[in-house]
S.K.: 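One structure, pasted below without further comment.
Excluded from the calculations below are hydrogen atoms, water molecules and symmetry mates; all remaining heavy atoms, backbone and side chain alike, are included. So that the names make sense, note that chain A is the first sequence line, chain B the second, and so on, each numbered from 1.
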Amino acid sequence: MPTYQVEGRSYEVDDDGFLQEPELWSEDVARDLALTEGITELTPEHWQLIHYIRKYFYSYGVAPMVRKVCRDNKMDLDYIYKLYRSGPAKGACKVAGLAKPTGCV
Amino acid sequence: MKALAAAAALVAALAIAGALAGAVPGGAAAVTVVLPYVAFCTLLGGLTWQVWRWAQTPVPYRIPTTCGQQRSLPWIRTAPIDNPDNGIMAAIRVVIEALTFRSLLRNSRARVGAGRLEFSEARLLWLASLVLHWSLLVIVLRHLRFVFLPTPFFVPTLDAVDGFLRIGAPPLLITDVLVLAALLYLLGRRVATPMLRYMSLFTDYFALLLLLGIALSGMAMRYVAPVNLVSVKEFALALVALHPLVPAAPSMLLLVHLMLVSTLAIYLPFSKLVHFGGVFLSPTRNLANNSRRVRHINPWNHAVPTHTYAEWEAEYAEKMKLAGLPVDGADRGG
Amino acid sequence: MGPIVADKPAIDIELKAPAGDWRDARVEFRKGTFSNASLPKDLIPLGLPNPRKWQPTDLDWQLPRDWQRILLEGMRERLARYRSFRLFMDVCVRCGACADKCHFYLGSGDPKNMPFARAELVRSVYRRYFTTSGRLFGKLAGARELTEDVVKEWFYYFYQCTECRRCSIYCPFGIDTAEITMIVRELLSLIGVSTHWVTEPAANCYRVGNHLGIAPHAFKDGLDFARDELRDITGLDIEIPINRKGAEVLFVMPSADYFATPHYYTLLGYMMLFKEIGLDFTVSAYASEGGNFGLFHSNDLMKRLNAKIYAEAKRLGVKWILGGECGHMWRVLHQYMDTMNGPADFLEVPVSPLTGTRFENAVSTKMVHICEFTADLLYHEKIKLDRTRNDAYIVTYHDSCNPARAMGLLEEPRYVLERSCNHFHEMPAKTIREYTFCCGSGAGLGNDENMEMRLRGGFPRANAVRHVRAEHGVNLLACICAIDKATLPTLMDYWVPGVQVAGVHELLGNALVMRGEKERVTNVRGEPLAKGGAADG
């Protein structure tokens, strides 16, 4: 398993940089993970998505649908790709500390 | 290339052994009597064993490869042979495959160049295989003149058609030419195509070279150093009648020919030469594509653990109730 | 869609003459060309052997001590159970007709990806341990010892086959590499060698009900969301009933349809159709997965996951089952379900409630493909389409491997497409219908760690799309497979940028004229409708 190291802190991640143990997530961890998306400063809009995704995950045990993320946050997909260059599923969910979905996705 | 060399060496050794057999006491008897009987029994026994082994292995699932439109709605034109809907059509599919090598006829060639993929027709493999198999059949049938008295009625006709070119005396038989050409093409293709050469095994070369040796020794007996057909027929008839006669002075070519043919007969059931089984028994080809219409039975369909609805609901019932989804447990409770 | 492939790997496609001896089993596990190993968290709930943390790049795979005995015993068992396996081990003549038919061979140039070579990897072991000639003559008879390197090689190459069956149609003996791959994967699973992308969805499907692990309340939330979206698009209230007993039809779809994009737009299309024709149906949260990643692991796992569909149909008391757009799901439903989990004698023969058509081809399984169902509706003119609503799209159709070569569902989706859009162009004949090329990501290979091999394997398909884009300006690739919808966008972005991917029923949903609907201003993706061209029909 690869580890992701930043400023002396290290995290166990999968090949795509998703946290192996999502329960270790904290806002500081999010700031570290955001660096993998080339984000040095998380803006309120970044945080809005992170909190939205985490809240959904807490209630339902899965990430929200991409369509739902866009609609509930009133952002179109292109805009989300501007915020997180790997997009909502592989970027925002990663920073929010979720596991990566598998299957026909 | 080591495989090719080994196969060539073995075929050559067999041919030499056959040629020299007449010089060794009892050698001629071994090659003209013992070996043919052993070979015939091995061929028969081996093929029976192989076919029995395949046939008694179950076909648990109905897995035809479909090569055309299924039968679904009545107004949609179907491909009744390439996607057979019943056993009869599946049988026709198999017969067409066996007689015309239909699947090989689909062959195309892909080329990658400048980041593009291009396809072209590639029918030579199909042609060579078809010619090889049909010629071999005609040649085998022609040989029936040696083992039946009177000669079967169709053999002279076959001979006449086969010799229609009327070149030389005895007339050149077209199947002789074709079988040589086909074998040489298949051998050349195998050696010249790097990918094919990479994967080719001893047996791939051995089979081709053995057939080539048989064809050449047979043709030599007809065109180069003609043997006495009457004495060959006497010998063959005696063999068939189970009163074998060892020919007094067998031709060297005949010994080579018999040696190689016997080797082929012994080798065939245990080699890739049993590939005819694939044509007739392959579940991807001999089954109808009707698995939604007729239930196919798997004789060993064993039970497997499943996660039942009740187990599933037990885990999620609370959340389902909160979400307003119907719950069986609650139904029973109320 | 935004940029999916962030940094494009440079992929040179070249078919080089191979060097060395193919019997040398050593494989280099190069990043981008293989899938990650299964995790214990998924193997344990499924009760699968040898759960442990490992990766293919490890030197020691932590195989069970008697791994060789397990594999050989497993082979012996399967040789006795499957005529296909026995026959395919015996009859190949290595004519090579299949060689350049495999998309992985064409994309990678790796000679062991030629289908007959792939089979030879296991055939050589078969000869060594199960034939007299192989035992006696060894290498001369094409036999090879079963070593740990061979296990690694099997893992690499049998997880580099998408079970698409294209080679099989060219084989004079009908040898089906998919069948060999399925059996070898099953053998490998006996010693705990499988991939994460296959076993996690399978474990989720087994316990939660679908690949993605979407629990029933989340399932409902997703479908409620679709209801909101449908209201915005059509102005109609379109309810999606869940676990409703006594419905006439159970509708089963791949879970990606209610989670992933662009699959989700196909879901909207189905639901608009069902609303318009007033279909009495329900979906199930328990059987909330049509797909079956068990197919990519072992026949037993396939059967265990598939069992839910009939069980749920029985519990809900429906009359028959309708299945959505999904490729490998239909391999299972069409060729395995009835045999494995039937007979479905508690169901009725499917009859379309609108046209009265009796689906004679499904009288035993009692399960109908949505494209068969919709084509029948269109033939009987039970629904009205305005194809100009799809005028922004210039469409081509990708036949998904399984519906094409394990079913023969070729005309039905075309019939629907041709009536749903004005601009439809076929790709070259050698790349569609039974000759269709795989997306390169099927059979559980659609993960990101395997990206280079996916892009290589998808190259022949992309090449054909590029052809119709140049000829006709095609900008939309329609298909009826969830794996296609998940992976073709990535493939298109890499090889043919600017071509989008959509389900057939997405286009139908756009075109469908619904009673009481408001004037459509957007397509189901929420994009403004490009009005232009004359309406017909």
S.K.: What part of Glu311(B) lies closer than 4.5 angstrom to a heavy atom of chain C: side chain, backbone, both or neither?
M.R.: neither

S.K.: For the interface with chain B, which of Ala80(C), Gly96(C), Pro216(C) has the highest count of heavy-atom pairs at distances below 4.5 Å?
M.R.: Pro216(C)

S.K.: Can you say whether the rings of Trp330(C) and His369(C) are parallel (under 30°), tilted (30 to 60°) or perpendicular (over 60°)?
M.R.: tilted

S.K.: Cut-off 3.5 Å, side chains only: do Arg71(B) and Asn290(B) have a donor facing an acceptor?
M.R.: no

S.K.: Need one label for Met367(C): side chain, backbone, both or neither, based on atoms under 4.5 Å from any heavy atom in chain B.
M.R.: backbone

S.K.: Just say parallel, tilted or perpendicular for the rings of Trp300(B) and Tyr61(B), cut-offs at 30° and 60°.
M.R.: perpendicular

S.K.: Look at Ala287(C), Gly342(C), Ser84(C) and state which one has the largest set of heavy-atom pairs under 4.5 Å with chain B.
M.R.: Gly342(C)

S.K.: Is it the backbone or the side chain of Glu97(B) that comes under 4.5 Å from a heavy atom of chain C, or both, or neither?
M.R.: side chain

S.K.: Within 45 degrees of the ring normal and closer than 6.0 Å to the centroid, is that where the cationic atom of Arg315(C) sits relative to Tyr309(B)?
M.R.: yes

S.K.: For Leu79(C), is it the side chain, the backbone, both or neither that has a heavy atom under 4.5 Å from a heavy atom of chain B?
M.R.: backbone

S.K.: Start with the C-alpha distance between Phe459(C) and Phe437(C), add both sets of side-chain angles, then the distance that settles ring-ring contact (aromatic ring centres under 6.0 Å, His included), and finish with yes or no.
M.R.: CA-CA 9 Å; Phe459(C) 167 67; Phe437(C) 272 113; 9.3 Å; no

S.K.: Quick check on Arg190(B) against chain C: is it the side chain, the backbone, both or neither that has a heavy atom closer than 4.5 Å?
M.R.: side chain

S.K.: Out of Ala99(C), Ala285(C), Ala141(C), return the one with the most heavy atom pairs under 4.5 angstrom to chain B.
M.R.: Ala285(C)

S.K.: Please classify the contact between Met199(B) and chain C as side chain, backbone, both or neither, with a heavy-atom cut-off of under 4.5 Å.
M.R.: both

S.K.: Please state whether the side chain, the backbone, both or neither of Cys95(C) comes within less than 4.5 Å of a heavy atom of chain B.
M.R.: both

S.K.: Side chain, backbone, both or neither: which part of Asn463(C) has a non-hydrogen atom closer than 4.5 Å to chain B?
M.R.: side chain

S.K.: What part of Asp221(C) gets closer than 4.5 Å to chain B, counting heavy atoms only: side chain, backbone, both or neither?
M.R.: neither

S.K.: Does Phe119(B) have Lys430(C) sitting over its ring (NZ/CZ under 6.0 Å from centre, angle to axis within 45°)?
M.R.: no

S.K.: If every non-hydrogen atom of Tyr198(B) is compared with every non-hydrogen atom of Gly20(C), which pair is closest and at what distance?
M.R.: CE1-O, 3.3 Å

S.K.: If you count heavy-atom pairs under 4.5 Å between each of Leu301(C), Thr131(C), Val208(C) and chain B, which one has the most?
M.R.: Val208(C)

S.K.: Quickly, which of Glu372(C), His334(C), Glu411(C) forms a side chain to side chain donor-acceptor pair (under 3.5 Å) with Gln70(B)? Name it, please.
M.R.: Glu372(C)

S.K.: At a heavy-atom separation under 4.5 Å, does Phe85(C) approach chain B through its side chain, its backbone, both, or neither?
M.R.: neither

S.K.: For Trp134(B), I'd like to know if atom CH2 has over 12 heavy atoms of other residues, nucleotides or ligands within 6.0 Å.
M.R.: no

S.K.: Please flag which part of Val279(B) lies under 4.5 Å from any non-hydrogen atom of chain C: side chain, backbone, both or neither.
M.R.: both

S.K.: Leu140(C), Ile242(C), Val349(C): which one forms the most heavy-atom pairs within less than 4.5 Å of chain B?
M.R.: Leu140(C)

S.K.: Does this structure show an ion pair linking Asp376(C) with Arg358(C), if we count only N-O contacts that are shorter than 4.0 Å?
M.R.: no

S.K.: Rounded at 0.5 Å granularity, tell me how far CE in Met114(C) sits from OG1 in Thr177(C).
M.R.: 12.0 Å

S.K.: For Phe219(C), is it the side chain, the backbone, both, or neither that has a heavy atom closer than 4.5 Å to a heavy atom of chain B?
M.R.: neither

S.K.: With the threshold set at 4.0 Å, does a side-chain nitrogen-carboxylate oxygen contact exist between Glu434(C) and Arg166(C)?
M.R.: no

S.K.: Considering only heavy atoms and a distance below 4.5 Å, find which of Phe137(C), Tyr105(C), Phe359(C) pairs most often with chain B.
M.R.: Tyr105(C)

S.K.: Is it the backbone or the side chain of Ala117(C) that comes under 4.5 Å from a heavy atom of chain B, or both, or neither?
M.R.: both

S.K.: Can you tell which part of Ser168(C) gets under 4.5 Å to a heavy atom of chain B, answering side chain, backbone, both or neither?
M.R.: both

S.K.: So which part of Arg189(B) gets closer than 4.5 Å to some heavy atom of chain C, the side chain, the backbone, both or neither?
M.R.: side chain

